[in-house]
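Notes for the one structure printed next.
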Amino acid sequence: MRCGSMACCHRRLPEAEGTVVITRPLAPADTRPQVMKVDLEEVLAQPGRLLSPGRWNKPQVREVTVGDHPVILKDWRTMARWLRPLARHLARREARIYGLLQHLESVPRVLQVGDRTLVLEQVPGRRISRLRGHRAAATAAQALEEIVARIHAAGVYHFDMRKRDNILVTDEGKVYLIDFTTSVAPRHYGPLGWLLRPVAALVDRYAVLKWKNALAPEVLSTSERRLLRGLDRLRPWRKNN
Ligand SMILES: Nc1ncnc2c1ncn2[C@@H]1O[C@H](COP(=O)(O)OP(=O)(O)OP(=O)(O)O)[C@@H](O)[C@H]1O
Ligand SMILES: [Mg+2]
């Protein structure tokens, strides 16, 4: 399952089947553990710890231990039987988006892809909202902004960062983005993608400004403050997360 170049790895990851997926860092700057052998059957056989029960349109999410390592299993097989094609589509879609971002340290690695299942590196982080009032808040808010710029440069727009559960921060202050269920990669939509891109960029920008304002309002520039107020006015029904 090894491949020669990094670009090749990006393309092949989402289709990977078998037992070993990642045997080396995907990017030179990546300092995370390099070896992770994951047997999909072993992961699926474990009850693990339930993180999200899933719904008719959502996967069940469990934390499972492989060897000494906790990993995350997203399992769309728990969706209704008659929705199997949709479940397969959603699973492949999220795997494909993760695949586009595997060179980024701030996105969990894909460890296995199965039929309606996805095994991810577990990020030992807590939701970003816990940083409110903490002195690391300003750094995290700025790190989030940089990460979002990088995922956009990779052609992906997250679309769901207003939800505090989707941004995790480790004790060392590293920020991770998770949950690419509703994310879009405009390049997959042909000419429609050109229309989608600015809207998607604005939705993500709004989320970043919201977090900067919530965590460290002093880092907002005057123009950012103005943009945030303008976007807030467009959403009079908004509620705070
Ligand atoms: N790689 C990861 N590392 C650590 N925790 C994770 C990871 N992926 C998911 N989780 C945890 O599992 C929860 C559910 O996962 P995720 O958000 O990807 O699924 P979801 O179906 O979109 O659920 P929801 O709609 O509740 O957000 C997350 O809020 C987070 O607590
Ligand atoms: Mg989520």
Side-chain angles (χ1 to χ4, degrees), residues 13-14 16 21-22 26 30 32-33 36 38 40 43-44 46-80 83-84 86-114 116-131 140 143-144 147-148 151 156-185 203-204 207-208 210-211 239 241:
L13 259 174
V21 173
I22 292 168
L26 289 164
D30 200 337
R32 289 177 285 167
M36 187 79 210
V38 174
L40 187 58
V43 173
L44 298 182
Q46 293 186 47
R49 184 166 72 91
L50 192 64
L51 297 175
S52 178
R55 281 208 305 262
W56 68 272
N57 61 342
K58 275 176 44 159
Q60 188 186 79
V61 184
R62 306 202 304 266
E63 185 188 289
V64 171
T65 306
V66 177
D68 290 339
H69 297 280
V71 298
I72 301 293
L73 170 67
K74 288 193 81 161
D75 191 347
W76 284 262
R77 295 173 310 159
T78 53
M79 281 171 58
L83 284 175
R84 191 173 283 189
L86 175 66
R88 192 164 285 130
H89 167 75
L90 294 175
R92 284 192 185 151
R93 202 175 162 282
E94 187 156 359
R96 205 179 323 136
I97 298 270
Y98 265 112
L100 291 170
L101 302 173
Q102 290 297 288
H103 58 297
L104 299 178
E105 287 184 37
S106 37
V107 173
R109 287 184 181 178
V110 173
L111 303 177
Q112 255 315 341
V113 180
R116 289 168 293 145
T117 56
L118 180 60
V119 184
L120 296 167
E121 170 194 18
Q122 189 248 27
V123 175
R126 298 188 297 168
R127 50 169 71 145
I128 192 167
S129 51
R130 300 250 181 132
L131 282 183
L144 177 66
I147 292 162
V148 172
I151 71 161
V156 172
Y157 297 80
H158 189 283
F159 243 118
D160 199 15
M161 280 185 304
R162 290 180 56 84
K163 203 167 172 188
R164 58 192 172 180
D165 292 330
N166 293 341
I167 309 168
L168 302 180
V169 185
T170 66
D171 287 345
E172 295 75 42
K174 281 187 78 174
V175 178
Y176 285 83
L177 281 182
I178 61 163
D179 190 1
F180 291 85
T181 315
T182 49
S183 301
V184 290
V203 170
D204 279 359
V208 169
K210 179 219 155 195
W211 282 116
K239 60 175 185 194
N241 281 332

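This chain uses plain numbering: 1 for the first residue, then up along the sequence. What you see below is based on every heavy atom in this structure, not just the backbone, and it leaves out hydrogens, waters and symmetry mates. Quick caveat, the model's predicted, so the values are computed rather than measured. Atoms within a ligand are numbered from 1 in the order they appear, just like the ligands themselves.
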Checking a contact table here: which protein heavy atom is nearest [atom], and how many Å away?
| atom | value |
| --- | --- |
| atom 22 (O) of ligand 1 | Asp179 OD2, 2.7 Å |
| atom 18 (O) of ligand 1 | Lys74 NZ, 2.7 Å |
| atom 8 (N) of ligand 1 | Ile72 CG2, 3.7 Å |
| atom 25 (O) of ligand 1 | Lys58 NZ, 2.6 Å |

Min side-chain heavy-atom separation [X]-[Y] under 4.5 Å:
| X | Y | result |
| --- | --- | --- |
| Arg127 | Asp165 | yes |
| Met79 | Arg116 | no |
| Arg93 | Val184 | yes |
| Gln46 | Arg62 | no |

Answer side chain, backbone, both or neither: which part of [X] comes under 4.0 Å from ligand 1, heavy atoms only.
| X | answer |
| --- | --- |
| Ile178 | side chain |
| Arg127 | neither |
| Val61 | side chain |

| Are Leu168 and ligand 1 in contact, using a heavy-atom cut-off of under 4.0 Å? |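 Judged by the 4.0 Å heavy-atom criterion, Leu168 does count as contacting ligand 1.
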Atom [atom1] of [X] and atom [atom2] of [Y]: how far apart are they, to the nearest 0.5 Å?
| X | Y | atom1 | atom2 | answer |
| --- | --- | --- | --- | --- |
| Leu101 | Ser183 | CG | OG | 8.0 Å |
| Asp204 | Leu144 | CG | CG | 9.5 Å |
| Tyr98 | Leu118 | OH | CG | 7.0 Å |
| Leu83 | His89 | CG | NE2 | 12.5 Å |
| Lys58 | Leu90 | NZ | CG | 12.0 Å |
| Thr181 | Lys163 | OG1 | NZ | 8.0 Å |

| request: Using side chain to side chain contact (heavy atoms under 4.5 Å, CB included) as the criterion, list what pairs up with Leu51, not counting sequence neighbours. | output: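 Leu51: side chain to side chain contact (heavy atoms under 4.5 Å, CB included) contacts with Arg49, Val61, Glu63, Ile72.
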Atoms of ligand 1 less than 4.0 Å from [X] heavy atoms?
| X | result |
| --- | --- |
| Thr181 | 22 (O) |
| Asp165 | 29 (O) |
| Leu51 | 11 (C), 12 (O) |
| Pro108 | 1 (N) |
| Pro59 | 21 (O) |

| So, for atom 31 (O) of ligand 1, does the protein have a heavy atom nearer than 4.0 Å? |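 Under the 4.0 Å cut-off, atom 31 (O) of ligand 1 has no protein heavy-atom neighbours at all.
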Donor-acceptor contact below 3.5 Å, side chain [X] vs main chain [Y]:
| X | Y | answer |
| --- | --- | --- |
| His158 | Val203 | no |
| Asp160 | Thr182 | no |
| Trp211 | Ile128 | no |

Do any nitrogen or oxygen atoms of [X] lie less than 3.5 angstrom from nitrogen or oxygen atoms of ligand 1?
| X | value |
| --- | --- |
| Leu120 | no |
| Glu94 | no |
| Lys163 | yes |

| Counting only protein N/O/S, how many atoms fall short of 2.8 Å from the Mg ion (ligand 2)? |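 Protein heteroatoms (N, O, S) closer than 2.8 Å to the Mg ion (ligand 2) number 2.
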